[in-house]
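Just below is one structure, and these are the notes that go with it.
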Amino acid sequence: MDIFADFGERVRASIKALGWRAADGADLDLGRIVVEPPRDAAHGDLAVNAAMVLAKPMGRKPRDLAIELMGALAADPDIAETEVAGPGFLNLRLTPAAWGRFLARVLISGPAYGRGVVARGRVNVEYVSANPTGPMHVGHCRGAVVGDALANLLGFAGHEVTKEYYINDAGAQVDVLARSAFLRYREALGETIEIPEGLYPGDYLKPVGSRLAEIHGRGLIDLSEADWLPIVKPFTIDAMMAMIREDLAALNVVHDVFFSEKSLQAGPTGDRVAQAIAKLTADGLMYQGRLEPPKGQLPEDWEDREQTLFRSTAFGDDVDRPLMKSDGSYTYFASDIAYHLDKFERGFGEQIDIWGADHGGYVKRMQSAVKAISGGSARLEVLLCQLVKLFRAGEPVKMSKRSGDFVTLRDVVDEVGVDAVRFMMLFRKSDAPLDFDFQKVTEQSKDNPVFYVQYAHARTASVFAQAREALPGFDLGESGLAGAELDRLTDVGEIGLLKRIAQWPRVVEAAAEAREPHRIAFFLHDLASDLHGHWNRGKDLPQLRFVNVDDPLSSHARLAMVRAVAQVLASGLAILGVKAPDEMR
RNA sequence: GGCCCCGUAGCUCAGGGGAUAGAGCGACAGCCUUCUAAGCUGUUGGUCGCAGGUUCGAAUCCUGCCGGGGUCGCCA
């Protein structure tokens with residue numbers, strides 16, 4: 001179904017039939033031969049680089065080889081024209097009949113068109129993993145969307161994907177959360193409270209305090225912290241996670257697994273963190289030692305001390321890393337190692353984590369750890385998402401996290417809608433910073449790529465509504481459309497759309513391979529642009545309109561093409577988690 | 001100072017071995033008795049940060065600089 005891969009095979013077969021060999025008589029490496037869409041449409045439908053790649057090993061001139069290959073391919077009935085161009089490109093143009101058969105196959109495949117055909121194995125994508133200390137803020141938004149879209153993309157490309165969320169419910173910050181909730185509890189009981197520096201001031205803890213008061217009455221008020229903490233903490237964490245799940249649902253993000261950090265230390269199989277460290281110790285990767293102080297600015301409270309270190313430098317890290325704090329408790333890194341070991345033991349040799357760019361310094365050590373705990377058989381990839389800068393009509397939006405006065409993810413989704421948020425977060429490479437303007441993303445104009453792409457899909461639906469009225473006799477189902485006289489599609493705009501559609505499988509594959517879901521968004525924008533452009537040509541040239549009562553057979557073929565466009569738009573938008581609407585009123 | 005990311009049109013950014021480097025915005029000029037003008041067409045605009053290297057071919061890969069951002073033992 002991928003015509004580029006298809007013709008790649010035909011080219012390789014022709015080369016074998018020609019009996020080409022390397023200058024020394026050895027077999028040629030045909031792996032570097034690619035068949036791809038030429039940048040310039042004037043160069044035809046497919047460009048073959050075989051002659052240039054093989055010229056050196058064969059000791060011959062690229063243009064001579066291209067001419068020879070051109071002769072061998074001339075017998076292919078699907079090829080209408082061939083030409084040798086530039087430094088030795090062989091350009092191919094397909095016949096309308098070949099394009100028609102391609103389109104028919106796309107329609108028969110339906111929503112499966114572009115889906116990976118080979119199984120690519122299991123992969124675990126961990127994203128969001130926001131601390132359960134409050135509602136999600138905009139900072140979490142990009143990672144959530146990128147992770148979710150990447151997981152969708154990998155699934156579409158043929159991986160078996162698990163979407164996972166790591167709940168940091170074991171550190172000191174959840175104790176702080178519990179204390180903050182306890183204050184709200186006292187407040188709910190009528191006390192006047194003052195929230196000291198360092199506790200979470202947000203109003204979102206008020207309902208938690210009220211519910212604690214409802215459940216426990218004054219029962220907790222005279223307990224010592226050691227006694228109320230085990231009650232208040234899990235209750236509050238559960239409330240925060242419920243809130244976060246609602247936020248995620250509003251963003252159209254759903255995880256398969258929520259994994260608790262706390263469960264690592266107090267799970268049914270004992271202390272998993274200790275077990276992970278024991279494993280590293282058994283492998284000779286732990287030792288007591290001292291670290292050099294960091295170069296550059298020395299931390300004020302630096303103190304040379306012997307500590308429990310993991311030999312991460314043996315796996316590519318810059319320095320060895322401590323796994324125990326001075327008070328004997330585990331560092332966050334220690335828990336994280338145990339967590340990634342758990343993922344490995346659950347069968348995930350492929351792990352992808354989505355982090356904020358401020359965690360960039362953490363990448364190497366975590367990758368080192370994954371290598372260490374898996375004996376080198378597991379791989380961790382980390383995608384770093386750069387910051388999102390918020391604007392309102394060109395003016396930066398000020399935020400103060402300390403006062404609790406930050407923009408929540410919910411604020412953004414409620415204001416601009418989930419589709420606009422998701423699409424805009426994906427309309428940029430994730431390692432480039434992103435400007436997000438509330439004004440612009442809600443504009444309903446071509447300046448707004450979300451609406452531009454969605455409108456293209458709506459337009460296809462509109463064309464079909466028109467067709468059902470104007471051409472009542474036609475079968476507009478997939479098989480009916482596939483049976484139309486598709487070789488009537490010969491206009492440059494029509495072939496252009498088919499060529500764009502033909503790229504879909506390779507775009508999916510390349511985007512999945514590169515872990516770059518933004519490529520899907522850009523592809524959809526291009527496809528939408530092709531459709532809008534061709535649609536508009538029907539104004540000057542009525543004979544090109546999709547629905548034309550004077551030429552029902554061509555109309556039928558064009559509707560088949562429009563259906564294929566709609567299919568690809570819908571598939572792509574589904575990967576991005578954006579709706580493909582039938583109307584935009 | 002070490003490590004990571006970025007540097008492409010006036011602006012925001014795609015392109016990450018292939019031919020004459022693209023899109024949107026901006027600016028300018030057009031297109032509505034016509035399938036949704038929520039749209040389309042054209043014009044304008046570039047020493048791809050700099051210098052070497054690899055290659056038949058480099059914006060793309062490698063090295064070194066320059067500039068911007070992030071980060072740097074017991075925060076998660």
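Computed from heavy atoms alone, side chains included, the values below leave out hydrogens, waters and symmetry copies. Residue numbers begin at 1 in each chain, while the letters A, B, ... track the order of the sequences.
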| query | Reading nucleotides 17-22 of chain B 5' to 3', which nucleotides get B (base under 4.0 Å from a protein heavy atom), which S (sugar-phosphate only), which -? | reply | -BB---
| message | Among B:rC4, B:rG73, B:rC35, which nucleotide has an atom closest to any side-chain atom of A:Gln466? | response | B:rC35
| field | Charged tip of A:Arg392 within 45° of A:Phe438 ring normal and under 6.0 Å | value | yes
| request: Please measure how far the P atom in B:rC31 lies from the corresponding atom in B:rC11, and state the result in whole Å. | output: 32 Å
| query | NA contact type, A:Arg545, heavy-atom cut-off 4.0 Å: base, sugar-phosphate, or nothing? | reply | base
| said: Using a heavy-atom cut-off of 4.0 Å across all strands, would you classify A:Phe522 as base, sugar-phosphate, or nothing? | reply: sugar-phosphate
| said: Assess, by modelled atom type and distance only, whether the side chains of A:Tyr330 and A:Asp271 contain a donor and an acceptor separated by less than 3.5 Å. | reply: yes
| query | What distance, rounded to whole Å, do you find between the two P atoms, one in B:rA23 and one in B:rC61? | reply | 23 Å
| said: What does the 5'-to-3' dot-bracket notation of RNA chain B look like when only Watson-Crick and G-U wobble pairs under 3.5 Å count, and pairs to other strands show as |? | reply: (((((((..((((....[...))))((((((.......))))))....(((((..]....))))))))))))....
| task | Look at the side-chain N and O atoms of A:His518 and state whether any lies under 4.0 Å from the OP1 or OP2 oxygen of B:rG15. | result | yes
| Can you tell me how far C1' in B:rC50 sits from the matching atom in B:rG45, rounded to whole Å? | 23 Å
| field | Nearest-angstrom distance, C1' atom, B:rC25 to B:rA76 | value | 40 Å
